[in-house]
Engineer: 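Quick one: the structure is below, and I'll ask about it shortly.
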Amino acid sequence: MRELTVKDAINEALMQVMEADPSVIMMGEDIAGGAGRDDQGGLDAWGGPFGVTQGLVTRFGRERIRDTTIAEAGFFGAAVGAAMTGLRPIVELMYVDFVGVCYDQLLNQAAKMRYMFGGKQKVPMVVRTVVGAGFRAAAEHSQALYPLYTHVPGLKTVAPTTPADAKGLLISAIQDDDPVIFFEHKRLYMTKGDVPENPTPIPLGKASIPRSGKDITVVAVQRMVNFSLEAARLLDIEGIQAEVIDPRTYSPLDEDTILESVAKTGYLIIVDESYPRCGLAADISSIVAEKGFDYLKGAIRKVTPPHTPVPFSPPMEDFYLPSPQKIADAVRGLLGAR
Amino acid sequence: MTETMLAQMYRTMFTMRTFDERIHQLAADDAIPGYAHTYFGSEAVATGVMAALEPSDWIASTYRNHGHAIAKGVSLNAMAAEVYGRRTGVCKGKGGSMHISDFDKGMLGAIGIVAAGIPLAVGAALTAKFKGLPWVAVPFFGDGAVHQGVFHEGAGIAKLWNLPVVLVCENNGYAEATATDYHLNTKTIADMACAYNMPARRADGMDVVTVYEIAKEAVDFARCGGGPILLEFLSYRFSGQYEGDKQIYQPAAEIEEARKRDPIKVFEENASTRGLSEERLAGIRQEVKVVVEAAFTYAESAPWPSPEETLDDVYVSYL
Ligand SMILES: Cc1ncc(C[n+]2csc(CCOP(=O)(O)OP(=O)(O)O)c2C)c(N)n1
Ligand SMILES: [Mg+2]
């Protein structure tokens with residue numbers, strides 16, 4: 001094993017899967033960059049806005065790494081059609097916020113193809129997209145819209161926190177025969193961790209438990225996992241043992257791991273970066289309230305942003321986001337009421 | 001065109017240039033939060049178009065909005081404060097550089113989603129027609145935006161209802177790192193108007209007087225009930241896509257060639273034949289530098305919003 005960043009782990013997964021499977025292609029805006037200027041040093045100028053796909057075009061060429069026009073509805077729909085007919089497309093939605101312009105192709109096409117036509121079709125495509133606040137990127141480049149996709153039957157949603165998970169889950173997502181939305185958090189790209197060199201898939205629908213504890217269960221979403229681990233370290237000093245669960249995939253959701261943990265601790269806090277109304281925290285909360293009511297020794301608490309768009313200015317954006325302190329406070333508040 | 005108008009256009013273009021030079025430096029120094037997109041190279045487009053508009057006319061802008069906002073008369077202090085995320089910013093710190101927009105100055109928004117302003121302008125034109133108001137609505141968008149559905153859908157509706165919309169495409173040679181000569185299927189963007197049976201003009205976007213003349217004709221046409229019209233102005237993006245973009249896909253020779261058409265340089269070269277002395281221009285430059293500097297000085301010490309202001313303005317009323 002060696003250490004890689006999340007960004008490099010994703011790049012490595014793409015390299016390895018594309019090497020192994022010639023039916024995998026990629027489409028997106030400037031995922032290579034420099035189209036029209038290849039012979040003047042432009043080839044591979046960008047690798048996407050964060051450089052995640054850098055190097056792919058020099059390895060696989062423009063036939064497989066296809067820079068598109070700014071026509072998300074067009075190339076998302078093309079991905080659905082190509083997936084139905086023998087390719088395994090990976091499309092990039094530069095920021096998750098842009099989904100508005102192409103949502104139909106996911107909501108009504110990718111997600112419905114199999115079901116509505118009697119289970120004969122499959123749509124093995126992956127949407128890679130960037131989520132998350134904390135970049136001072138304001139209301140249209142900062143959202144964490146996991147619920148918009150998780151809500152839709154037929155779509156799978158995956159959101160890795162660690163570099164190893166990013167690699168293993170992306171491999172599974174590409175090999176999966178259903179449409180998968182793969183969320184990459186812009187504030188996690190540069191975090192480092194051990195990543196196996198071999199292409200080892202991590203199954204979808206299996207949570208991880210990055211920290212075990214007996215006093216309270218903290219289920220956290222993507223970047224919020226790291227915040228929760230920090231909170232758990234703060235609480236440890238006070239003698240509170242928090243168990244942190246990273247569901248890693250939201251659809252399918254590993255309900256068992258969450259329920260088993262709540263059965264052990266009796267308390268649940270969910271930390272989410274999406275909006276509080278109809279969000280992931282609300283969803284997980286309702287599942288546990290329904291299926292784990294008898295395990296609960298107190299109310300379920302959510303730590304989420306307020307029900308507002310993401311503000312630009314640093315003091316407001318910091319207020320908007322959950323933080324290790326806010327999580328620790330929520331735990332203290334809940335356990336203090338014991 | 002009067003000397004006063006010409007001088008005003010120069011002042012506007014030079015203000016854009018000076019403002020964005022400050023932005024460029026601040027971004028390089030990591031002194032401002034978030035993304036910033038500068039307008040270097042297209043100054044003549046916003047300046048010439050806005051000179052053809054009445055203050056009551058509407059524009060829709062983009063993330064590359066600094067030039068549009070300056071030409072529409074948005075306060076420089078409020079712009080700079082917004083870039084810094086301060087409470088006295090034009091969006092109270094909610095938007096930042098990508099969303100500088102002042103409704104009171106006739107801006108419908110500065111939108112981060114490519115092409116999304118186009119239908120908004122169509123809507124303002126609908127209001128104008130519906131209420132019998134003399135407004136014209138002008139969405140600004142880039143060359144890359146013409147591949148978006150809403151460009152086509154907006155153009156189609158505007159034409160069908162004969163709305164006073166002047167669609168202004170700033171063809172600056174690139175959509176991010178993709179060259180326009182690569183991504184266009186048609187020979188020109190103006191060609192696309194054919195599909196909607198809409199008139200179109202294509203012109204040099206580096207000469208502010210040309211831009212003004214073309215825009216004036218188009219605005220008059222739309223205002224007098226002629227319906228929508230598409231304008232394509234050829235400029236060049238001297239900067240990267242955003243501040244920090246290394247621009248390695250823009251060949252040095254190409255940039256150098258485009259620099260010869262720098263709208264401010266072009267204006268200065270033609271100034272004397274248009275009746276403006278170099279002393280007059282120098283005076284304007286001096287004044288502009290003072291005003292822009294003052295705006296950033298103001299912004300640096302402007303108050304921060306309180307964290308709780310996050311909760312304001314989500315709805316007009318709730319509960
Ligand atoms: C719907 C959508 N897709 C992608 C983006 C990302 N994006 C921002 S600017 C841009 C390029 C736009 O190019 P162009 O329209 O030529 O305008 P310019 O930036 O050159 O002014 C892209 C792809 C976006 N903001 N919205
Ligand atoms: Mg452009």
Side-chain angles (χ1 to χ4, degrees), chain A residues 28-49 51 62 67-75 77 94-95 97-102 104 134-142 275 305-321, chain B residues 32-35 63 82 84-87 89 91-99 111-116 142 144-150 174-185 241-242 245-254 304-314 318:
Chain A
E29 289 147 26
D30 297 299
I31 55 173
R37 297 291 180 270
D38 285 4
D39 51 355
Q40 288 148 288
L43 186 72
D44 210 12
W46 263 37
R62 284 208 181 268
D67 276 350
T68 66
T69 52
I70 312 171
E72 289 86 355
F75 71 83
M94 191 177 293
Y95 288 79
D97 315 68
F98 306 163
V99 70
V101 306
C102 58
D104 178 69
F135 226 68
R136 317 312 188 196
E140 295 181 339
H141 290 77
S142 301
Y275 303 125
H307 192 53
T308 78
V310 186
F312 161 71
S313 181
M316 291 194 285
E317 196 185 32
D318 294 344
F319 172 85
Y320 173 90
L321 274 176
Chain B
I32 47 172
Y35 294 118
Y63 48 89
E82 188 59 36
Y84 273 97
R86 305 305 167 101
R87 175 191 284 138
C91 309
K92 297 192 219 163
K94 291 267 174 50
S97 163
M98 279 199 292
H99 302 293
I111 321 272
I113 309 299
V114 166
V146 301
H147 300 290
Q148 276 289 307
V150 285
Y174 287 87
E176 285 186 353
T178 297
T180 309
D181 50 45
Y182 169 84
H183 74 68
L184 278 186
N185 296 305
Q241 163 64 20
Y242 57 89
D245 179 7
K246 293 194 202 73
Q247 254 182 304
I248 53 175
Y249 49 89
Q250 282 173 266
E254 182 187 280
W304 291 103
S306 75
E308 290 75 18
E309 283 169 51
T310 301
L311 307 173
D312 298 344
D313 296 326
V314 183
Y318 198 59

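Residue numbers begin at 1 in each chain, while the letters A, B, ... track the order of the sequences.
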Engineer: Taking salt bridge (Lys or Arg N to Asp or Glu O under 4.0 Å) as the definition, give me every residue that meets it alongside B:D312, ordered by chain and number, with sequence neighbours left out.
Structural biologist: none
Engineer: Heavy-atom pairs under 4.5 Å with chain A are the metric here; pick the option from B:A177, B:G112, B:G85 that has the most.
Structural biologist: B:A177
Engineer: Quick one: CG on B:L311 to NE2 on A:H307, what's the gap to the nearest 0.5 Å?
Structural biologist: 12.0 Å
Engineer: For the interface with chain B, which of A:A71, A:C102, A:G100 has the highest count of heavy-atom pairs at distances below 4.5 Å?
Structural biologist: A:A71
Engineer: Name the member of A:D44, A:D67, A:T69 that forms the most heavy-atom pairs with chain B at distances under 4.5 Å.
Structural biologist: A:T69
Engineer: Strictly by modelled atom types, are A:Q40 and B:Q250 linked by a side-chain donor-acceptor pair under 3.5 Å?
Structural biologist: no
Engineer: Quick check on A:A73 against chain B: is it the side chain, the backbone, both or neither that has a heavy atom closer than 4.5 Å?
Structural biologist: neither
Engineer: Would you call the rings of A:W46 and B:Y242 parallel, tilted or perpendicular, taking 30° and 60° as the class edges?
Structural biologist: perpendicular
Engineer: To the nearest 0.5 Å, what is the distance between CD1 on B:I111 and CD on A:E140?
Structural biologist: 6.0 Å
Engineer: Select one option (side chain, backbone, both, neither) describing which atoms of B:Q247 are under 4.5 Å from chain A's heavy atoms.
Structural biologist: neither
Engineer: If you count heavy-atom pairs under 4.5 Å between each of B:T178, B:V146, B:V314 and chain A, which one has the most?
Structural biologist: B:T178
Engineer: Assign the ring pair B:Y35 / A:F135 to parallel, tilted or perpendicular, where the plane angle (0 to 90°) is split at 30° and 60°.
Structural biologist: tilted
Engineer: Starting at CH2 of B:W304, measure out to CE of A:M316 and round the result to the nearest 0.5 Å.
Structural biologist: 10.0 Å
Engineer: Mind checking the CZ-CD spacing from A:F319 to B:E309? Nearest 0.5 Å is all I need.
Structural biologist: 10.5 Å
Engineer: Compare every heavy atom of B:A179 with every heavy atom of A:G36, then report the nearest pair and how far apart it is.
Structural biologist: CA-CB, 4.4 Å
Engineer: Non-hydrogen atoms of chain A under 4.5 Å away: do they reach the side chain of B:S306, the backbone, both or neither?
Structural biologist: backbone
Engineer: At a heavy-atom separation under 4.5 Å, does B:P33 approach chain A through its side chain, its backbone, both, or neither?
Structural biologist: both
Engineer: Considering only heavy atoms from C-beta outward, does the side chain of B:V114 approach that of A:F98 to under 4.5 Å?
Structural biologist: no
Engineer: So which part of B:Y174 gets closer than 4.5 Å to some heavy atom of chain A, the side chain, the backbone, both or neither?
Structural biologist: side chain
Engineer: Between B:K246 and chain A, with a heavy-atom cut-off of 4.5 Å, which part of the residue counts as in contact: side chain, backbone, both or neither?
Structural biologist: neither
Engineer: Run A:R37 and B:D181 through side-chain contact (heavy atoms from CB on, under 4.5 Å) and show every step you take.
Structural biologist: CA-CA 10 Å; A:R37 297 291 180 270; B:D181 50 45; 2.8 Å; yes
Engineer: Pick whichever of B:G34, B:P307, B:A175, B:P305 has the most heavy-atom pairs under 4.5 Å with chain A.
Structural biologist: B:P307
Engineer: If you count heavy-atom pairs under 4.5 Å with chain B, which of A:A32, A:A45, A:G42 comes out on top?
Structural biologist: A:A45
Engineer: Quick check on A:P305 against chain B: is it the side chain, the backbone, both or neither that has a heavy atom closer than 4.5 Å?
Structural biologist: neither
Engineer: Rounded to the nearest 0.5 Å, how far does NE2 of B:H147 lie from CZ of A:F75?
Structural biologist: 12.0 Å
Engineer: Below 4.5 Å from any heavy atom of chain A, which atoms of B:H183 appear? Answer side chain, backbone, both or neither.
Structural biologist: both
Engineer: Count the heavy-atom pairs under 4.5 Å between each of A:D97, A:T308, A:I70 and chain B, then report the option with the highest count.
Structural biologist: A:I70
Engineer: Not counting sequence neighbours, which residues clear side chain to side chain donor-acceptor pair (under 3.5 Å) with B:E176? List them please.
Structural biologist: none
